[in-house]
Structure formats: structure tokens, C-alpha cells
Amino acid sequence: MNLENEKPNGGGKRRSASQWAVAWRRFRRNKAGVAGLVIVLAVVFIGIFGDFIAPYPAYPANGAFGPFYKGDVRTAPNSHYLMGTDVLGTDVFSDILHGTKFALYVGVVVTIITMAIAILVGAVAGYFGSWVDNVLMRITEVFLVFPSLLFILIFVRVFTLGGGAGSSFNFLGISVPFGLTIVVVVLAIFNWPGDARMIRGEFLRVRELEFVEAEKALGAGNRRIIFRHILPNILSSIIVVASLTIAYAILLEAGVSFLGFGDVSTMTWGQILENNFSDMRIVWWAEVFPGLAILITVFGFNLLGDGLSDALNPRLRD
Amino acid sequence: MRRLLYMIPVAIGISIIAFLTMYAAGDPIALIKAGKPNINEATLSGLRTYYGLDKPIPLQYVNWLMNILQLNFGKSLYGGLPVNQIIGPRIWPTIELQIVSLLIAFAVSIPIAVQSARKPYSKQDVAVTSFSLFGVSMPTFWFGLILIIVFSFTLGWFPSAGSQGVAGFVWWGNSFFDQIAHLILPVAVLVYVSLAQNIRLIRANMLEVLRSDYILAARASGLSERKVVYSYALRNAITPAITFLGIALGGMIAGAPMTEYVFSWPGLGRQYVTSTLNLDFPTIMGITMIITVMTLIANLIMDVLYVYIDPRVRIR
Amino acid sequence: MTETLLKVEGLKTYFYTEAGIVKAVDGVSFDVRKGETLGLVGESGSGKTVTSLSVLRIVPKPGRIVEGKIELKGENLLAKSEKEMQSIRGREIAMIFQDPSSSLVPVYTVETQLRDVLSAHEKISKDDAHKKILDLMNLVGIPEAEIRMREFPHQFSGGMKQRVAIARALALEPELLFADEPTTALDVTIQAQVLDLLEDLKKKMGMSLVMITHDMGIIAKMTSRVVVMYAGNVAEIAKTDDLYYRPRHPYTALLLAAVPRLDRKKTLSIIPGNIPNLIEPPSGCRFHPRCEFATKKCEEAPPVLEEVEPDHFVACYEWKNITLKGETGKND
Ligand SMILES: Nc1ncnc2c1ncn2[C@@H]1O[C@H](COP(=O)(O)OP(=O)(O)OP(=O)(O)O)[C@@H](O)[C@H]1O
Ligand code: SF4
Ligand SMILES: [Mg+2]
């Protein structure tokens with residue numbers, strides 16, 4: 001008996017433009033998803049323009065106090081300092097705005113690396129099956145029972161020893177903090193197996209669909225089938241997982257920094273929390289507001305991910 | 001029981017990774033030196049011979065593994081105490097915290113998830129799903145900070161730190177109440193976080209199971225709603241959740257550093273943070289191995305439970 | 001033999017989905033008489049399953065019975081409380097599902113599942129239940145019942161599982177049994193056995209059977225009357241012979257022509273066009289986009305069921321003006 005409603009993607013043909021339009025319409029009706037999108041757009045906006053909006057300049061990377069330093073250490077929130085100042089005397093509100101770009105950097109780059117590895121591995125395992133698949137599944141199983149946080153901490157600790165902290169490199173004209181990049185790479189290394197597993201599942205599903213069989217019968221090569229036919233079909237799942245991965249990465253980086261393993265000279269939100277932790281009985285504001293920023297951002301990406309999953313892929317829905 | 005066999009290569013794999021991590025950035029002694037620039041040379045060369053660092057790496061690994069298998073992790077680089085003496089008293093507090101939280105979270109999440117799944121997309125369900133999404137979006141440690149600020153700094157109800165859990169659970173006297181008082185906040189944090197995960201998972205499974213033919217068939221034979229939901233649907237929805245629980249418990253144990261650090265809980269997690277910051281490799285390796293073993297045992301227990309609960313696996 | 005057991009009138013069951021309201025059953029009327037086997041045919045998606053679920057009042061969410069009357073022996077089922085319905089389900093009306101592998105709970109033994117059904121309706125001791133289950137399993141022809149009842153569904157073959165499902169449905173000797181495509185999921189060789197079993201048990205217990213199927217062969221073999229459904233509506237109701245020899249509805253004729261019969265070698269002709277979308281069904285007669293006899297009128301208002309000869313109802317404006325080809329080679 002089939003009581004399931006007709007699935008919009010059930011036929012398994014390439015998504016046409018109109019299917020994206022349908023998905024968009026479905027997404028628009030989902031209030032939570034739209035709220036997530038609004039939050040994410042706001043965060044991206046602040047990430048780009050935060051340095052210009054912020055009332056006070058950023059805490060300089062080399063630790064030297066600039067002219068912005070007012071000596072107002074540990075001031076409670078007031079009209080000058082909306083969210084108070086922290087133990088170092090910097091404005092918490094400005095710090096949060098400046099820190100937004102780092103949160104996005106972490107989320108996006110971890111996700112890009114993770115997805116690249118996951119798609120490669122997942123595609124190979126899902127498409128070719130047999131022993132490749134077997135090996136991959138064993139590896140991801142190991143990772144799933146693996147106390148990865150422990151290894152993340154020690155990797156980060158060891159790799160940042162070489163004096164990575166404080167220095168930065170230039171990428172397309174943007175100065176990127178080196179220490180934070182190490183954290184990002186380590187997070188990605190430990191994060192790909194779960195995503196690879198998911199993508200493998202999708203590959204297995206799409207591989208069985210008729211049109212792929214037909215392509216094969218027509219003699220299309222593996223590369224062509226994977227890139228021209230399967231990948232576009234699982235794009236929606238990839239988008240959903242990417243959005244959730246961004247959320248997860250931001251959360252994890254905050255934790256790593258909070259525990260004192262982050263890039264001390266890069267004021268990520270987690271780093272602000274760590275700096276003020278021992279004095280939090282007094283400067284509670286320097287703990288509450290950066291944490292709220294993390295919560296709202298992560299919540300936004302999660303809402304967006306869930307909304308996208310409902311709209312693009314009703315099959316994946318909870 | 002195939003998973004039991006996987007555990008052996010998993011454990012070996014992790015031990016190799018753990019061992020190589022020590023060498024990932026070069027000579028561990030150099031690392032110690034980099035981490036602690038004013039340590040004196042004589043101590044360093046003493047350490048070098050003491051840890052057999054002058055031998056070839058595979059041999060070092062074998063020696064190291066043999067020692068570990070005998071639960072001999074060597075001495076801490078800080079204070080020189082045997083690692084066992086550092087780790088030993090910290091195992092129980094970690095387990096205590098995790099188990100109490102896990103049980104509470106699981107018990108609470110079932111009825112919530114079931115009710116939510118019975119009326120999908122109702123107001124109540126939307127509230128529950130948003131709450132769980134909110135829960136998984138919350139940094140664990142930050143939630144702990146908020147609880148400390150509100151309940152211990154402002155209201156002064158519970159202590160924020162300094163559990164004496166080292167001696168283990170005491171069932172009588174002031175110590176017992178002290179224990180409870182110290183447990184409440186960290187348990188609240190862990191429960192909230194894993195509650196969110198459990199609810200999402202069980203609700204999703206329930207929704208799927210409730211759509212299945214056997215539920216319709218059970219209804220069609222006149223079984224009561226309670227029987228249908230709690231005995232037929234829930235039983236089927238929980239089965240896949242069990243394996244996940246193993247992973248979740250593993251995740252919680254592995255995630256212990258966060259909560260324990262916030263609440264100054266005298267467990268393995270907090271010690272791990274301290275030791276890693278200090279690059280105290282013997283202690284790091286000891287804790288890693290212990291936590292790995294605990295995680296594997298947790299998974300094994302869940303697997304056994306799974307086999308017990310799902311007849312399809314049992315027969316095969 | 002003409003006493004009415006179940007009477008369904010103007011039944012509407014809709015699914016309130018995100019995409020819109022699916023009018024899965026939209027004004028369906030028919031009755032089931034005591035002791036008869038009534039066929040319920042129609043293409044996939046025509047609302048056969050939803051109709052039977054509606055009668056039992058177990059339509060899954062987001063579906064809901066919107067309107068209509070369902071009377072069992074003169075009592076309105078839609079006015080009953082959930083508790084009262086529970087005691088009717090299984091004891092007065094039971095149902096067998098299409099796929100036996102998914103209609104039995106995987107985590108309980110066959111004995112437990114059958115016992116749950118028994119004890120849902122009456123206080124029964126474990127021993128008595130055991131004896132009764134043993135009898136039931138013997139009745140549906142499961143060998144070594146004593147051992148097999150302690151096994152789990154996945155240890156049974158498809159045909160045996162369906163026998164278990166039948167045993168469960170018959171445990172309380174219901175007066176009315178809905179069999180929703182009970183053989184579609186089974187091997188061809190097993191199908192005949194299960195159908196024979198059903199027919200046999202039906203006679204033994206004197207119950208009424210509603211046989212839901214796509215298979216016109218099964219209809220011809222087992223039923224005395226047939227309800228033809230199309231897109232949530234009833235197209236035609238007739239005695240089986242009448243329907244075969246003198247179909248009045250264009251859709252029925254197409255169905256008869258489309259289905260290969262075991263006793264004739266005929267190429268399968270597929271009904272042209274698609275099953276309509278039930279969110280925005282075609283106006284007027286829902287069949288008009290696919291009907292070769294459609295007129296302007298057919299697009300405007302839906303035709304109502306009218307009795308064209310005793311016990312033969314048709315919902316079509318044109319029935320008088322058209323001659324349809326029925327079966328010719330069937331000998332009784
Ligand atoms: N849970 C549901 N949600 C939405 N629509 C549903 C649901 N269940 C059934 N429907 C719709 O109701 C219509 C009738 O379905 P039903 O299962 O009764 O058809 P059927 O005649 O039994 O078909 P089949 O021969 O395939 O079993 C279909 O169009 C289906 O899409
Ligand atoms: S009413 Fe019109 S469209 Fe409908 S079946 Fe009859 S002739 Fe065809
Ligand atoms: Mg059906």
C-alpha cells in the first residue's frame with residue numbers, strides 16, 4: 001500500500017529550473033526556514049561590513065593597545081559600550097561585530113574542505129561500490145565512535161606550536177589569520193566522514209535510478225555520469241548538509257577556542273569567552289553576549305538547513 | 001557480534017594515531033621545550049632516555065603499546081606523578097556525570113518525542129522541534145556559563161565548581177547532598193544538549209514508524225491507542241535509536257572536556273584540557289586510551305542491547 | 001441474502017497536505033450485503049485503500065473524513081467514540097493489507113501479535129489465547145503451528161506471512177473483512193492458494209468480504225458484485241456478470257479491455273491518459289479528459305449515480321447513447 005504523497009523529486013530526472021522554483025515557493029512558506037535565511041543574511045552582512053559598523057576598532061593582533069583603548073576595563077553595559085567592555089578594556093559589542101567574519105570564515109572554509117573530501121570519497125564509494133565502499137564504511141564507522149574532540153584538541157595544540165599564532169597570510173588580498181586556519185583544517189579533517197557517509201547514500205540511491213542506467217547503456221563514461229548526472233541530482237542534499245556543517249563548525253571552533261586551544265591573537269567569539277571566563281563573576285556581559293552571537297548564528301544556519309531540507313528534499317525530512 | 005571484532009582494529013588504529021600524534025610535529029621533547037621554554041636541558045635529556053626516545057619509532061610504539069596494555073602509562077611530565085594516579089580518581093566522576101545525564105535525558109525525551117510525533121506539525125510539535133533545534137545550536141559550555149551566572153552567582157542556589165566527586169558517590173550524609181548540589185548544574189547542561197538530540201532522533205523515527213503499515217494494521221485490529229503508540233510504534237522507533245545512543249554516549253564522554261572545564265568538574269575531560277595545554281604526553285595518551293575504551297564499551301553495550309531488542313539481528 | 005451489512009453514503013475523505021487538499025475519496029457511496037463478496041476495482045490512486053481505512057476510521061494524518069455516512073447494521077460509525085470504534089475494529093470489521101512483510105510488526109513474535117489482538121477485545125488467559133492462536137494458525141494452514149507461533153515475522157515466507165495476517169484479521173470472526181490487494185505482493189503460485197483460503201474461510205465463517213484489487217481476473221473468479229472507482233468517485237456498481245457483459249461506464253469498458261485475462265490471449269491495451277491530480281481534479285465528470293464520449297455537459301457538472309437496471313448503477317451522462325463492448329468469451 002502506498003499512502004505516500006507524490007514526491008516532487010520521485011522521478012529522479014534532473015531538477016529543472018521550474019523544480020527549483022517549486023522548491024523556492026515551498027521554502028518561502030516555511031516560516032522557520034525564512035527566519036533562518038534572514039539571520040544568515042544578516043550575519044553575512046555583518047561579516048562583510050562589521051569592521052565598518054563597529055563603534056571601536058578591533059583589538060590589534062599583535063597585542064599592542066591602540067588609541068581606541070579607553071582604559072575602561074570591565075565596564076558594565078552603558079550607552080557608550082552597549083554590551084560593556086571586557087577584561088582587556090575592549091568594547092564587547094565591537095568585538096562581536098569584528099568576530100563575525102571569523103565565524104563565517106571558520107564555517108565556510110571547514111565546510112568547503114569537508115564537502116570536497118566527502119564528495120570525493122562518498123562519490124567513489126557510492127558509485128563504484130564493492131571493496132572501495134567497504135573500506136570507506138569501515139573508516140567512517142571508526143570515526144563515528146572516535147573521540148574526535150580529544151584529537152582535535154591535541155592536533156590543534158601541536159600544530160599551533162610552531163608560532164602560528166599572531167601571523168597571517170594573504171589570500172586574494174584578504175589577510176587571513178594563520179592560527180585560525182590551522183584550527184579550521186583540523187576541524188575539517190575530523191568532520192568529513194559523517195558527510196561522506198551521507199553522500200555515499202545519496203549516490204547509491206541515484207545510481208539505481210533509471211536515467212542513470214539508461215546513460216550507462218548509452219555508453220557514457222563514469223566521469224560523465226558522476227559529474228553530469230549524479231552530482232546535479234544530489235545537489236540539493238549537498239546544500240542541506242553544507243548548511244548544517246557550517247553551523248556545526250562554528251560551534252566546534254567556539255568550543256576549541258573557549259578551552260584555550262584557539263588562535264589567541266584572533267578575536268573569535270569563542271576567544272572572547274575564553275579571555276573573560278576566569279573573571280566572569282564580574283564581567284558576565286562579556287560571556288553572555290558573545291555566546292548569544294554564536295547561538296543566534298548557529299541557530300540561523302540550522303534553521304536554514306532544516307528549511308532547505310524540507311523544501312528541496314522532502315524525502316530527507318525528519 | 002561482528003561489531004565486537006571491528007573494535008580490535010579500531011582500538012589499534014586509534015592507538016597508532018594517538019602515538020603518531022605525539023610525533024606529528026616532531027620530537028615530543030622539542031615540543032615540550034617549545035611549550036615551556038624555560039625548562040632546563042638536563043631534565044630534557046633525562047626525559048629522553050627515560051621515555052626511550054632514542055630508540056627507533058616502531059620499537060617505541062611497541063614498547064609504548066605493551067606498557068599501555070598493562071595500564072602503565074608512565075609518569076606525568078608535570079609533577080612526575082604516575083599517570084595512573086592522576087587518571088584513576090578522575091574516571092568515576094566522568095562516568096557518574098555522563099551516566100546520570102544520559103539516563104535522565106533518555107527518560108525525558110521519550111514521552112516528549114512521542115507526543116510530538118503523534119501530532120506532527122501541530123503547535124506543540126513545532127514548539128518541541130524548535131526547542132530541539134535551539135538546543136543543538138547552543139554551545140554546551142556557554143549554556144553552562146549562563147546557568148552558573150544565573151543559579152550560582154545571582155541566586156546562589158548551587159555551587160559553580162569544586163565538586164568533591166573524587167571519592168565517588170557517597171550514599172549518605174552531607175556529602176551525598178553536596179554531591180547532588182554539584183551535579184545539578186552540569187547534569188542540566190548535558191541533559192539539555194542530549195535531550196535535544198534524542199528528541200530529534202526519536203521523533204523522526206516515530207514519524208516514520210507511525211506511517212507504516214503495521215501500525216495501520218494494529219489499529220485496524222482494534223488495539224488501543226496506547227498499545228499502538230507505546231508498545232508497537234515506540235518499540236520500533238527506539239531500536240534504531242539504540243545504536244545512535246552508543247554514538248551519543250561516546251560523543252558525550254568525548255565531549256566531557258567542555259562541561260567539565262566549565263564546572264571545574266574533577267573528571268578526565270578537565271584533566272585532558274590541562275594536560276594537553278601543558279603537552280603532558282603520557283597523561284594525554286593515558287586519558288585518550290581510557291576515553292576510547294570507555295567509548296568502545298559504551299558502543300558495545302548498545303550493540304548488545306540492540307541485538308536483544310531487535311529480533312531480526314538476533315536470528316542472523 | 002440481500003440484507004445490508006455496511007452502507008457508505010457520500011463519503012468524502014481528504015488529505016490536508018502542504019501542497020493542497022487531496023480529495024482522495026470524494027462522494028463515494030456503496031453498500032455491502034451480508035455474506036457477499038464485493039469487488040472494489042480501480043486504477044492505482046483511485047481511493048480504494050482510503051475508502052477502507054475510512055470505514056475503519058483509521059485514516060492516517062493529515063487525512064480526515066470530511067463528510068458522509070457510514071452505517072454498520074444501521075448504526076452510524078461516524079458518531080461512535082474512539083473507544084467504541086476500537087471494539088468494532090477487528091471484531092466486526094477487519095482488514096488485510098497488501099504487503100504482509102510490512103503489515104506485521106517486526107519486533108514481536110507471531111504469537112504475541114495475535115494475542116494482542118485477542119486480548120484487546122476480551123479478557124483471555126495466556127493458556128486460552130495460546131490454544132486459540134494454535135487453532136487459528138491451523139485454520140489458515142500454517143504447518144507446525146506450535147513451533148512457528150514463537151517465531152518472528154521475518155522468519156516466514158511471504159505467503160506464510162499473509163496467512164498470519166489473515167489469521168490476525170479473522171481472530172475475532174469479524175462480519176466484514178476488507179482484503180486490500182491481499183495477493184499483489186505474493187508469488188503467482190502462492191496467490192491462488194491465498195485466494196482459495198480466503199474464499200474458503202469466508203464461506204466457513206459466513207462473513208462478507210470486500211475484495212480490493214486491480215486484477216479483473218480475481219474479480220471474475222471471486223466476487224458477486226463490483227464497485228468501480230475512478231479518481232475518488234464511484235463510476236459504476238453492478239453484479240459481476242452484468243459488469244462483464246454489459247459495462248455501462250466508459251471507464252469500466254476500458255478497464256476490461258486493458259487487463260490481460262488468463263483465459264484469453266489478448267494484447268494488453270493501456271488506458272490512455274493519466275490518473276488525474278486529486279488536488280485539482282478535472283471539472284464535471286473526472287473521467288472526461290480521458291473519455292472518448294465526453295461532451296460539453298461532462299465538463300460542467302459531475303454526473304450522479306443512477307440505477308439503470310436493477311442493481312446496476314452508473315455515473316455517466318451518456319450511458320444511454322453509447323454501446324460498450326464487454327467480455328464475450330466468458331462462460332459461467
Ligand atoms: N497520507 C496521505 N497523504 C496524502 N495523500 C494521500 C495519503 N494517502 C493517500 N493519499 C492520496 O489518496 C489517493 C488515493 O490513495 P489510495 O491509496 O486510496 O489509492 P488506491 O486506490 O488504494 O491505490 P493502489 O491501488 O495504488 O493501492 C492517492 O491519490 C494518494 O495520493
Ligand atoms: S460522463 Fe461524460 S466524460 Fe464522464 S464517463 Fe460519461 S461520457 Fe465520459
Ligand atoms: Mg491501495
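It should be emphasised that the depicted structure is a prediction, and the values quoted were computed from it without experimental measurement. A, B, ... follow the sequence lines: proteins, then strands. Residue 1 opens every chain. The figures here come from the full heavy-atom set of this structure, side chains too, leaving out hydrogens, waters and symmetry mates.
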Seminar exercise, completed: Note: B:R219 and C:R89 closest approach over all heavy atoms is O-CD, 3.0 Å
Seminar exercise, completed: Interatomic distance, NE2@C:H121 vs CG@B:L223, rounded to 0.5 Å, equals 7.0 Å
Exercise. Could you give the distance from OG (B:S221) to CG (C:L114), rounded to the nearest 0.5 Å?
Worked result: 9.0 Å
For this session: Return the option, out of C:D116, C:L104, C:V117, C:L56, with the maximum number of heavy-atom pairs under 4.5 Å with chain B.
Result: C:D116
For this session: Output the option from C:R91, C:Q86, C:K83 having the highest count of non-hydrogen pairs under 4.5 Å with chain B.
Result: C:Q86
Problem set entry | Closest non-hydrogen atom pair between B:R235 and C:Y108, with its separation | NH1-CE2, 3.5 Å
Problem set entry | Heavy-atom contact with chain B under 4.5 Å, split by part of C:I88 | neither
Problem set entry | Check against side-chain hydrogen bond (donor to acceptor under 3.5 Å, both in side chains), B:D213 and C:S102 | CA-CA 6 Å; B:D213 271 7; C:S102 63; 3.3 Å; yes
Problem set entry | Residue C:K80 excluded, over 12 heavy atoms near NZ under 6.0 Å | yes
Problem set entry | Residue among B:A218, B:S212, B:A220 with most heavy-atom pairs under 4.5 Å to chain C | B:A220
For this session: May I ask you to check whether C:F97 and B:Y214 place their ring centres under 6.0 Å from each other?
Result: no
For this session: Specify which of C:A120, C:S87, C:S103 makes the most heavy-atom pairs with chain B at under 4.5 Å.
Result: C:S103
For this session: Using non-hydrogen atoms and a 4.5 Å limit, figure out which bit of C:E151 sits close to chain B: side chain, backbone, both or neither.
Result: neither
